[in-house]
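Below: the structure, in structure tokens.
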Amino acid sequence: MRLRLAGDGMLVAEYSTGIDPAASARARALEAALKARAPAGIVASMPGIRSLAIIHDPVRLTTRALSKLLEKLDAGLTTASEAPSSRWILPVCYEQPHGLDLDECAGKLKITVDELIARHLAGRYTALMVGSYPGHPYLGGLDPSLYLPRRVPPRVRVPRGSVAMAELMTNVYPVEAPGGWNVLGCTAAILFDLRWESPSLLSAGDEITFRRVGLEEHDTLYAAFEAGTLHPREACR
Amino acid sequence: MSDFLDVIEPGLFTTVQDRGRLGFMDIGVAPSGALDALSLRSANALVGNDHGEGALEMCRLGGRFRVATDSLRFAFAGAEGRLTLDDEPIAFWRSHVARRGQVIHLAAIRGNVAYMAVQGGFAIEPVLGSLSTYTRSAIGGFKGRRLHAEDRLPLNQPEANPGHDLALPHPVPAERGRALRVVLGPHQEMFTDAAIRTLLTTPYTVTRDADRIGVRLEGAALEHAGAKEIVSDANTTGCMQVPGNGQPIALMADRHSCGGYPKIATIITADMHRLGQAVPGTTLRFEAVAVEQAEAAAFMLAEAEAATFGRMRDV
């Protein structure tokens, strides 16, 4: 564990500089241990792809005191320390007009579109971090044979629900947003809704798989999720 | 509900902001909140509100408002501008009472942001525990957006409390002109020694792109020692991220929760309200301090603020 200072108000406990599911799991375990201890002065925490970030009030909890606590908690971590996670199965439509970059990606990877979809569907993914946009997951576990860099320049608008990949991760855009990931399809599932008691469907540590749906089922699901007659917490189990 | 503050002219970018939407970083929600939290707290203290209550944050250009309730106690704090009640000049840093139909107007602001607090606060439902507006995702505040003409802001109180108005003896010292203090890191080793020296010895100018998400700076390029990107990790307010072009961006209240650019340094908590008042064209200098000095500065600022608020007097 390496502690990095981000000013007097955030400390980052870093376990790796790369994309590393073990580092991510360790960060979640450290967060669970910290939450169990609940020291005064913690404002927010975020388990990430390779680290745990803790925002704290510098007047109530100094960097030195927090550092000491994190070192002690880290030394006491076991594999059983991790918080329980949820499993989700998200429907994805890979048909056009949703699979914006399917052809281009398959071409660059020198495989067929069907093979690309099959390899993406075969993945068992873990949410390594939820961030950047409300409810936006960074999913680890992408087949390394699908490695492609981000698009340059990024798209100004990636449609809501887009399922995309870049480098060693795949993701889902909860809202329309600018972004450079390669879009393979679209999920009808809503990932973030302020009307829910807990507004983000996904949390770091959750396990995600994708299920292929055709255009017709996608449109039906989309309408039902939008109308609120279907809730992803029940429908995506 | 029939008590409102009516918006006649909204200004350039006026939003409801409070202490911020804290604690939702792990689901990607920005903290938002006042860019100059010290002035927000001052305005609230002057009308007897909880110091972190939601108030109007006006950026660069004030607004024109009509009082649509029996009486309203209000106060302005932050960067000043010509402030009038029915065209009569009135002062910042003290409270006033306006009657039904009176018009409050703040013209151009000589700085970045001014705050208008109203006694009792606005009758707006908090979202994730906060009244702050995060316009990018339409979360919180008044309809999730900046104010428009003809908006009617509902008030919690139909009339001002009895009693005197209050004034602050002086604003909490803002130490204008002094270098902004930074703690180096979290990724200082990803930059050359020359880049660190450059950041701490040369001036940077606030560009026109500065907004609630980040203050883009222009100056001598800061050279990365190797890779120009990292695997995304957490951001916090005050982090100075440096993209490939070497021009730093100081992250503000509406920032992303994480990002893929290395962060060379982080502006200390006690100086963030000063950065919040920086307008395009402002020249900034940076000075490195140890984290213990930053903590001492945060503690001293809190003490100075409490002492100032403790000396509010009747007017």
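As a basis for the values below, the full set of heavy atoms in this structure was taken, side chains included, without hydrogen atoms, waters or symmetry mates. Below, chain A is the first sequence line, B the second, and so on; all start at residue 1.
When Thr236(B), Ile230(B), Ile267(B) are compared by the number of non-hydrogen pairs under 4.5 Å with chain A, Thr236(B) comes out ahead. Comparing Arg255(B), Arg136(B), His256(B) by heavy-atom pairs within less than 4.5 Å of chain A, the highest count is held by His256(B). For chain B, the option among Arg64(A), His136(A), Glu31(A), Met129(A) with the highest count of heavy-atom pairs below 4.5 Å is Met129(A). Among the candidates Gly131(A), Pro174(A), Ser132(A), the residue making the largest number of heavy-atom pairs closer than 4.5 Å to chain B is Ser132(A). When the candidates Gly9(A), Ser16(A), Pro134(A) are compared by the number of heavy-atom contacts under 4.5 Å with chain B, Pro134(A) comes out ahead. Between chain A and the options Thr237(B), Val289(B), Val182(B), Asn235(B), heavy-atom pairs under 4.5 Å are most frequent for Asn235(B). Chosen from Ile268(B), Ile139(B), Thr269(B), Leu22(B), the residue pairing most often with chain A at heavy-atom distances under 4.5 Å is Thr269(B).
Listed for the Gln277(B) side chain is a donor-acceptor partner under 3.5 Å among the backbone atoms of Asn112(B). Judged purely by atom type and a 3.5 angstrom limit, Arg274(B) uses its side chain to pair as donor or acceptor with the backbone of Arg178(B). Judged by distance alone, with hydrogens and angles left aside, the side-chain atoms of Glu295(B) form a donor-acceptor pair with the main-chain N or O of Thr63(A) at under 3.5 Å. Remark: side-chain polar atoms of His231(A) are paired, donor with acceptor, to backbone N or O of Arg233(A) under 3.5 angstrom. In this structure, the side chain of Asn182(A) does not engage the main chain of Asp101(A) through any donor-acceptor pair within 3.5 Å. The backbone N or O of Thr133(B) sits less than 3.5 Å from a side-chain atom of Gln17(B), completing a donor-acceptor pair. Of the possible polar contacts, none joining the Thr126(A) side chain to the Gly205(A) backbone as a donor-acceptor pair under 3.5 Å is found. Side-chain atoms of Gln247(B) come within 3.5 Å of backbone N or O of Gly219(B) as a donor-acceptor pair.
Contact annotation for residues 36-52 of chain A against chain B (heavy-atom separation below 4.5 Å, listed by residue number): Val43(A), Ala44(A), Ser45(A), Met46(A), Pro47(A), Ile49(A), Arg50(A), Ser51(A).
The aromatic rings of Tyr138(A) and Trp181(A) sit perpendicular, their planes meeting at an angle over 60°, well past the 30° parallel limit. Taking the six-membered ring for Trp and thresholds of 30 and 60 degrees, Phe309(B) and His51(B) have ring planes more than 60 degrees apart, a perpendicular arrangement.
Contact of Cys239(B) with chain A is made through the side chain alone, with heavy-atom distances under 4.5 Å. For Glu229(B), no part lies under 4.5 angstrom from a heavy atom of chain A. Heavy atoms closer than 4.5 Å to chain A are found in the side chain of Ser137(B), but not in its backbone. Interface residue Leu184(B): only backbone heavy atoms are found under 4.5 Å from chain A. For Ile55(A), the part lying under 4.5 angstrom from a heavy atom of chain B is the side chain only. Using a 4.5 Å cut-off between heavy atoms, Arg195(A) makes no contact with chain B at all. Heavy atoms of Leu194(A) lying under 4.5 Å from chain B belong exclusively to its side chain.
The only option from Arg26(A), Arg2(A), Arg4(A) that meets the salt bridge (Lys or Arg N to Asp or Glu O under 4.0 Å) definition with Glu14(A) turns out to be Arg4(A).
The shortest distance between side-chain heavy atoms of Arg87(A) and Asp206(A) does not fall below 4.5 Å.
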Exercise for review: Apply side chain to side chain donor-acceptor pair (under 3.5 Å) to the pair Asp233(B) and His187(B), showing each step before the final yes or no.
Suggested key: CA-CA 11 Å; Asp233(B) 73 355; His187(B) 306 120; 3.2 Å; yes

